[in-house]
Amino acid sequence: VQLQASGGGLVQPGGSLRLSCTVSGVTLDNYAIGWFRQVLGKEREGVSCIRSSDGSTYYADSVKGRFTISRDNAKNTVYLQMNSLKPEDSAVYSCATDRSDSVFGSRWFIPYLWDNWGRGTLVTVSS
């Protein structure tokens, strides 16, 4: 399983970006996908995830109402639309798979529970 995150860049506060997580080597249909972010020197934190079976979505409180996760199984891709970006959203964003599609119940935001990880994409929010 290989994952590749893309779409990061430099954006001004209040701006938008759309990140993509493209998965290869498996069919995305049965996998949940999570987005995480990490700032140098800090722990990785869960941002959002989406299940395959019912499309359930989960968000960290810090991004609720601003970020939207979606998936296109035909393209083996999951998206993270990020609006109203803030400087504190700056981080390396990575995606990961959950082959059980359970997103671990209420523990979805715990990074070590997820199976496979891809390289991240850097998001910088600055004026």
For the atom pair [atom1] ([X]) and [atom2] ([Y]), what is the distance rounded to the nearest 0.5 Å?
X: Asn76; Y: Gln2; atom1: CG; atom2: CD; answer: 12.5 Å
X: Gln4; Y: Ser20; atom1: CD; atom2: OG; answer: 10.5 Å
X: Phe67; Y: Leu80; atom1: CZ; atom2: CG; answer: 6.0 Å
X: Asn83; Y: Thr68; atom1: CG; atom2: OG1; answer: 6.5 Å
X: Tyr59; Y: Thr57; atom1: OH; atom2: OG1; answer: 4.0 Å
X: Arg51; Y: Asn30; atom1: CZ; atom2: CG; answer: 12.0 Å

So, for [X] and [Y], which heavy atoms are closest and what is the spacing to 0.1 Å?
X: Val11; Y: Gly15; result: CG2-CA, 3.8 Å
X: Ala60; Y: Gly46; result: CB-O, 3.4 Å
X: Ala32; Y: Arg71; result: CA-NH1, 4.1 Å
X: Ser126; Y: Pro13; result: C-CD, 3.6 Å

Would you say [X] and [Y] make side-chain contact, with heavy atoms under 4.5 Å?
X: Tyr31; Y: Asp101; result: no
X: Val123; Y: Leu10; result: no
X: Ile69; Y: Tyr79; result: no
X: Pro87; Y: Gln12; result: no
X: Val1; Y: Asp115; result: no

Criterion side chain to side chain contact (heavy atoms under 4.5 Å, CB included) on Tyr93 and Met82, from CA distance to verdict:
CA-CA 12 Å; Tyr93 285 70; Met82 306 188 298; 3.9 Å; yes

Could you point out which residue of Pro111, Cys49, Ser48 forms a side-chain contact (heavy atoms from CB on, under 4.5 Å) with Phe36?
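By the side-chain contact (heavy atoms from CB on, under 4.5 Å) criterion, Phe36 pairs with just one of Pro111, Cys49, Ser48: Pro111.
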
With a 4.5 Å cut-off on side-chain heavy-atom distances among I, L, V, M, F, W and Y, is there a chain of contacts connecting [X] to [Y]?
X: Leu28; Y: Val103; answer: no
X: Val78; Y: Tyr58; answer: no
X: Phe109; Y: Tyr112; answer: yes
X: Ile33; Y: Val26; answer: yes

Step through the shown structure and confirm whether more than 12 heavy atoms of other residues, nucleotides or ligands are within 6.0 Å of CD on Glu88.
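Enclosed: over 12 neighbouring heavy atoms sit under 6.0 Å from CD of Glu88.
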
For Gln81, look at atom CD and say whether over 12 heavy atoms of other residues, nucleotides or ligands are found less than 6.0 Å away.
yes

NZ or CZ of Arg44 within 45° of Trp117 ring axis and under 6.0 Å:
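Yes, Arg44 and Trp117 form such a contact.
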
Determine, step by step, whether Leu3 and Thr22 satisfy the side chain to side chain contact (heavy atoms under 4.5 Å, CB included) criterion, reporting the C-alpha distance in whole Å, the side-chain angles of both residues, the deciding distance to 0.1 Å, and the verdict.
CA-CA 6 Å; Leu3 299 91; Thr22 302; over 6 Å; no

Report the relative orientation of the aromatic rings in Trp114 and Phe104; use parallel for angles under 30°, tilted for 30 to 60°, perpendicular for over 60°.
perpendicular

Side-chain donor-acceptor contact under 3.5 Å, Thr77 with Asp72
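Looking only at side-chain atoms, Asp72 and Thr77 do not form any donor-acceptor pair under 3.5 Å.
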
Determine whether a donor-acceptor pair (N or O, by modelled atom type, separation under 3.5 Å) exists between the side chain of Arg66 and the backbone of Ser84.
yes

Would you say Thr121's side chain and Ser6's backbone share a donor-acceptor pair under 3.5 angstrom?
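Here the side-chain-to-backbone pair does not exist.
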
Sorted by first residue and then second, give each salt bridge (charged side-chain N to carboxylate O under 4.0 Å, His left out) pair with at least one member in residues 118-127; sequence neighbours left out.
none

Salt bridge (charged side-chain N to carboxylate O under 4.0 Å, His left out) contacts in which one or both residues fall within residues 16-27, not counting sequence neighbours:
none

By disulfide bond (SG atoms under 2.5 Å apart), Cys21 pairs with (sequence neighbours left out) Cys95

Should the pair Lys86-Asp89 be classified as a salt bridge under the 4.0 Å nitrogen-to-oxygen rule?
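Salt bridge between Lys86 and Asp89, a charged N being under 4.0 Å from a carboxylate O: no.
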
